[in-house]
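Structure, as structure tokens:
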Amino acid sequence: MKDIITVIGSINIDAIVKTERMPERGETAVGDEMFFQPGGKGANQAIALARLGKSVNLIARRGKDFIDGLAMKNLDHPNINQDYIIYDGGERTGVALVNTIGKKGNKVILYSGANKKLSSSDIEKAKEAIFESKAVLISTEINMDAVKKAAELAKSKEIPVILNIAAVSDDRREAILSILDKVEILITNEREGGHLTNRVISHVETGYVAGKELLKKGVKNVIVTMGKEGALLITEKGSEIFPGYANVSVDTVGAGDAFCAALTMARVEGMNIEDAINMGNAAASIATTKIGPQDPMPDRETLDKFMKERGGPGGVYKDYNDTIKMLEIKAQKLRTNIIKMLGISKSGHPGGSLSAIDIITVLYFHTMKIDSKNPLWDDRDKFVLSKGHASPALYAALAERGYIAEEELWKLRKIDCILCGHPDMKKIAGVDMTTGSLGQGLSAANGMALAAKLQKKGTRVYCMLGDGELEEGQIWEAAMTSYHRRLDNICAIVDYNGLQIDGSIGEVKSGVEPLVEKWKAFNWNVIEIDGHNYEHIIEAFEEAKKVKGIPTIIIARTLKGKGVSFMERHVDYHGAPLTDDETARAIKELGDK
Amino acid sequence: MEILNKTHAFNLVKWAKDKPEVLVLSADLKSSTEIDEFFDIYPDRFISAGIAEQNMMSFAAGLSREGFIPFVHTFAVFIYRRAFDQVAMSIAYSNLPVKMFGFLPGITTPGGATHQAIEDISLMRALPNMTIFECGDATEVETILDPVMAVKGPVYIRMLRGDIPRLFDKNEPFKIGVNRILSQGTDIVIISSGICTEEAIKAVDAMKAKGLSIEHQHISTLKPFNSKQLLGPISTSKYGVITVENHTVIGGLGSIVSECMAENGLPKKIAKLGLQDKFAHGASKAYLMKEYGFDAMAIIKQTEKMTGMNFNISEAELKQVNIIPMHSAIKAEDL
Amino acid sequence: MDKTTAQIAAGIRRRVLEHTLKNNGGYLSQACSSAETLAVLYKEIMHLGSTGAPIMPRAFPGVPSPFNPDYFTGGEFNGPHTSEYDRFIFSPAHYALAVYACLIETGRMDEKGLEHFNVDGFSVEMIGAEHSPGMEVTNGSLGQALSQAAGIAYARKLKKEAGKVWVYMSDGEFQIGQTWEAFQFMAHHKLDNMGVFVDVNCHQCEGRMVDVMNIEPLDARLNAFGAEALKVYGHDIKGLLQAASTPHIGKPLVVLCATNPFEGIPLLKQNAPKYHYVRIKNEQEKNLYRLELERMSPRTLNIPGIIRPAGN
């Protein structure tokens with residue numbers, strides 16, 4: 001007798017368009033290829049398990065397909081029991097509009113159709129299916145009442161529940177979190193896991209933090225699939241990253257479902273969680289080699305062969321000595337130093353320094369070609385802090401990078417100290433431009449960039465602008481010039497923390513918006529990022545390097561006061577001196593993290 | 001000594017109550033230029049121009065052509081450095097009643113060179129039609145608005161903010177073209193303006209105690225400059241003149257007084273204290289005044305040099321000088 | 001009899017050419033590019049009060065100062081500044097002669113006033129100032145008039161005046177930061193009582209703007225800055241008129257007039273790409289311009305000094 005696994009989830013039709021990039025508003029992007037495919041996480045996982053040789057009870061609802069019979073095409077498999085698939089003539093089968101963009105992944109819009117009607121009584125009626133199973137695999141893009149009921153039934157018979165997180169929204173978050181104590185293994189990707197925990201998961205460390213939080217809700221194992229990084233397992237024992245198997249990837253649709261299915265199969269067969277994850281990674285890797293959600297699902301033979309060839313490497317414990325972790329540790333230290341400096345000097349601008357520090361950290365410890373032992377090195381990259389009042393952030397970075405002694409930091413704005421309120425290139429090694437009078441930095445950066453071009457140097461010039469200073473006319477004179485001179489060695493960054501001294505930008509009656517449109521109209525390459533996400537920041541700088549012929553501006557959404565909870569978003573901390581108490585609280589908070 | 005806080009903020013609100021033609025303009029420095037109270041009470045008469053000073057200046061010119069009196073508030077540097085052409089051509093040329101309140105004059109800010117207006121008098125003075133005032137204490141800040149309105153043309157004001165001492169009797173308001181005579185004497189003439197007057201008062205008190213006869217005048221109207229009150233004391237002074245200003249010595253008070261002396265044929269020595277053709281940097285006001293040589297001790301040292309005397313005054317003695325609000329030594333002339 | 005808009009435009013070109021000949025040089029291309037726009041603004045778009053009879057420009061009154069009570073602006077040529085009437089703020093002061101010509105053609109300025117053009121002691125200056133006919137703000141420093149117009153428009157809104165504020169600008173001014181500060185301000189304060197006509201002739205002193213400092217895509221840039229900007233062919237009177245009536249609630253209107261700096265005087269093309277100031281180099285060239293003038297003139301006009309090519 002085969003192992004029976006119950007799969008509960010959606011049945012959809014996937015309308016897939018492959019494009020190189022997503023269109024902007026008002027733009028039409030041309031797609032390379034278009035497919036209609038049967039899909040839906042429930043269906044995909046059921047088919048994957050069936051191919052892997054397991055018997056599957058699929059509990060789901062379908063309606064009328066807009067292409068007749070398409071949704072069920074692959075579900076006619078001898079291993080799949082269709083008894084629990086409810087046909088609802090009054091509804092349409094769900095439709096997922098999938099845009100698969102280059103190699104970066106998918107963007108999906110889901111119309112749930114019949115799926116959302118799957119009710120707890122449907123589950124109740126199908127409880128025999130659950131009770132005869134060795135495991136229940138549920139994905140959450142269906143009605144949460146049904147998910148909850150299924151988890152309860154399974155739990156009542158100690159049947160392991162594997163929960164695949166999908167379509168988290170604000171109103172479903174609590175429902176999902178409330179059933180986690182009934183879940184054996186939770187599988188999520190970064191995005192959905194981020195939504196679920198109200199965090200941004202962008203790398204191993206943040207995934208770990210989110211996973212820890214989920215463990216507290218009662219789930220035993222959390223697996224965060226992190227694209228090319230692999231799968232991160234978080235348990236009470238700690239966390240391990242399982243790198244994915246590299247493969248010629250043409251389409252990532254369905255990879256997650258292949259992962260869930262293979263992992264479930266492996267668990268049912270008694271494998272430990274680590275080996276099961278490797279199975280999952282292998283199946284996912286194979287699934288990306290063909291287009292579509294269901295067709296590429298491997299059969300057991302293919303999977304076993306693949307595992308034999310590629311081996312089960314086992315989890316690689318990451319000691320977090322990766323770049324991102326390093327940057328995070330650096331930024332944490334710099335934040336603490338900023339607060340210390342400002343606490344001692346009793347003047348200066350904390351808010352804008354903290355919003356900028358993550359970007360400055362990436363520049364000084366990852367992106368820029370500089371040498372602190374030779375600050376005036378001819379071929380170095382340059383950094384112009386046009387928003388000069390964020391100087392504490394720069395000073396902290398310069399000290400950490402070895403340009404100035406750390407003791408100097410504690411003399412900020414004091415007699416005899418080289419560190420003034422606004423940075424002075426004549427006094428401080430490593431400061432490429434004296435700034436502080438807002439709006440002038442980009443013009444200076446243009447000059448440096450043009451000089452580098454004339455001298456045929458590879459120098460890149462980074463210029464950090466405050467959002468408020470974009471109101472200055474000189475910025476637009478400079479913006480015009482950078483393009484006119486085709487200064488593609490300029491990369492400007494807007495620290496878009498949305499606050500000026502007079503209040504938030506919307507409040508100040510001037511209006512820098514619409515930023516993206518303005519810079520595009522001035523012919524710049526515009527990249528929008530989360531200015532506290534190191535991967536975003538690194539990627540944006542890398543992308544900027546590749547853009548030829550036009551300058552790049554990175555519009556980085558940031559939080560004023562980021563990292564210190566009571567300062568975040570507060571305009572009061574633009575230029576207000578910190579009290580001793582505030583300093584102590586902030587340093588304690590930073591130290592605790 | 002009485003110290004007042006946010007003098008301009010509260011005063012402006014009271015004063016502007018019955019003057020609907022007065023509009024206040026801000027370049028994103030609402031609270032830094034003490035117009036937040038005004039904004040709260042008269043939001044309809046408050047115009048945020050954003051960080052776009054060139055536009056703000058020409059825009060103010062347009063408003064004033066239609067009968068409004070724009071009170072432009074920002075840091076002084078952003079008025080005359082960033083938008084000098086606009087101030088000259090849109091405002092000064094047409095003699096339009098745009099009133100420019102320039103904050104952070106000289107070294108009154110630790111913001112460093114970018115925020116320190118050290119050559120504003122020099123430049124603004126060169127503009128025809130421009131009137132220039134400088135506040136030296138809380139009384140002047142409180143009473144400057146009527147004179148500002150009385151001028152039928154553009155006015156540039158070196159304004160003080162935050163904690164400001166009251167040096168002068170609050171019943172003796174700011175009067176256009178009238179110097180405050182704070183001490184009369186014949187050995188030496190000390191002429192000070194703005195925040196330097198407080199330092200000069202300390203130095204003068206200390207030196208008077210040592211027997212020196214000093215003429216001390218405080219100047220608050222830098223243009224048009226009234227030399228009448230100065231000519232007599234300068235011509236009778238035994239050792240000459242010392243000017244003290246929170247500004248570069250090129251083109252400011254020292255230059256103005258020198259021109260006056262030359263034009264009137266007064267052959268006396270003059271020493272100009274202030275920034276000696278140097279940019280300043282970011283540090284505290286007290287430190288910078290000392291570092292660049294225009295605090296009380298610098299005035300004493302300069303006096304010693306010119307008189308050949310040695311007063312043996314220590315820093316500690318200077319600190320003890322208690323400044324009480326001063327009456328002008330003589331009644332103002334009929335000006 | 002009232003002239004048609006096209007006749008006014010032709011008159012502007014003719015009068016400016018006449019003076020260019022007289023002075024052996026002048027801002028001729030500016031008249032070529034702006035003639036239709038100025039004509040249609042004065043004749044059909046702007047709601048300006050009458051000046052009564054054509055005004056004779058006054059002698060230079062001395063610069064403004066507290067001691068000069070006689071001072072006046074050139075705004076009187078645009079009619080009374082009462083609340084119902086529109087106002088006209090002219091920015092590129094070096095186009096002055098085209099404005100003077102337009103004022104004559106529309107019966108606002110006495111024809112004899114042009115005899116004072118560029119003559120010492122008179123207000124009809126070569127590069128206009130605020131006392132010159134048709135001007136009313138200091139405009140010679142490019143980029144400043146728009147902000148001043150915004151001040152006037154804002155003030156007119158505060159005073160609840162019905163009249164609009166029209167501004168005429170040159171495209172070169174869009175290289176100036178202050179212009180972008182002004183648009184940001186106008187959009188933010190929703191100054192929809194402003195209409196801006198821009199002479200997009202794509203040339204500046206040093207040559208073609210794309211070579212000197214590119215400003216395109218200008219319409220996209222302006223729209224991103226919150227204006228209602230549209231492009232029209234600047235020598236098409238109907239198109240200009242239609243553009244002026246484009247709805248622009250809550251936004252300033254910008255009409256980008258694509259023009260030719262040699263329109264109407266093909267001979268000018270030889271100066272490409274330096275159209276900014278035409279200097280007549282020799283008698284031979286002068287004669288060619290005289291022939292152009294003759295072609296443009298009503299028959300009754302006798303142009304002195306033409307040497308006709310043989311056979312003509």
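Order of the sequence lines sets the chain letters (A, B, ...), proteins ahead of strands, with each chain counted from 1. Everything numeric in this text was worked out from a predicted model, so none of it was measured.
Between Asn95(B) and Val63(C), the closest side-chain pair of non-hydrogen atoms is not below 4.5 Å. Here the side chains of Gln54(B) and Ser147(C) are not in contact, with every heavy-atom distance at 4.5 Å or above. Between Tyr93(B) and Glu130(C) there is a side-chain heavy-atom pair separated by less than 4.5 Å. Pro66(C) places a side-chain heavy atom less than 4.5 Å from the side chain of Asn129(B). Counting only heavy atoms from C-beta outward, the side chains of Gln184(C) and Asn55(B) never approach each other to under 4.5 Å.
Atoms CG and CZ, on Leu191(C) and Phe59(B) in that order, are 7.0 Å from each other to the nearest 0.5 Å. Of the inter-residue distances, the one linking Ile91(B) atom CD1 with Thr138(C) atom OG1 reads 10.0 Å to the nearest 0.5 angstrom. The CD1 atom of Ile47(B) sits 5.5 Å away from the CZ atom of Phe185(C) when rounded to the nearest 0.5 Å. Of the inter-residue distances, the one linking Asp44(B) atom CG with Leu158(C) atom CG reads 8.5 Å to the nearest 0.5 angstrom.
Screening residues 190-199 of chain C for side-chain hydrogen bond (donor to acceptor under 3.5 Å, both in side chains) gives Ser33(C)-Asp199(C), Tyr95(C)-Asp199(C), Lys157(C)-Asp192(C), Asp199(C)-Asn201(C), Asp199(C)-Thr259(C) as the qualifying pairs, with residues at least two apart or on separate chains.
Using a 3.5 Å distance cut-off with no hydrogens or angles, the side chains of Gln148(C) and Ser58(B) do not pair a donor with an acceptor. Between the side chains of Asp85(B) and Ser141(C), at least one donor N or O lies within less than 3.5 Å of an accepting N or O.
Taking Lys152(B), Met56(B), Gln86(B) one by one and counting their heavy-atom pairs under 4.5 Å with chain C, the maximum is reached by Gln86(B). Among the candidates Ala155(C), Ala182(C), Pro64(C), the residue making the largest number of heavy-atom pairs closer than 4.5 Å to chain B is Pro64(C).
Residue Leu96(B) does not touch chain C at all, counting heavy-atom pairs closer than 4.5 Å. Thr73(C) touches chain B through its side chain: at least one heavy atom from C-beta onward sits under 4.5 Å away, while N, CA, C and O do not. Using a 4.5 Å cut-off between heavy atoms, His81(C) makes no contact with chain B at all.
Counting non-hydrogen atoms of other residues, nucleotides and ligands closer than 6.0 Å to CZ of Phe279(B) gives a total of 12 or fewer. Around atom CD of Glu259(B), more than 12 heavy atoms belonging to other residues, nucleotides or ligands sit under 6.0 Å away.
Within the 3.5 Å criterion, the main-chain N or O of Gly67(B) finds no donor-acceptor partner in the side chain of Lys159(C). His189(C) places a side-chain N or O within donor-acceptor distance of the main-chain N or O of Ser48(B), the cut-off being under 3.5 Å. Between the Arg65(B) side chain and the Glu136(C) main chain, a donor and an acceptor come within less than 3.5 Å of each other.
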Under the criterion side chain to side chain contact (heavy atoms under 4.5 Å, CB included), I'd like the reasoning laid out for Arg87(C) against Glu66(B): C-alpha separation, chi angles, the key distance, then a yes or no.
CA-CA 12 Å; Arg87(C) 300 277 286 280; Glu66(B) 295 297 306; 2.7 Å; yes
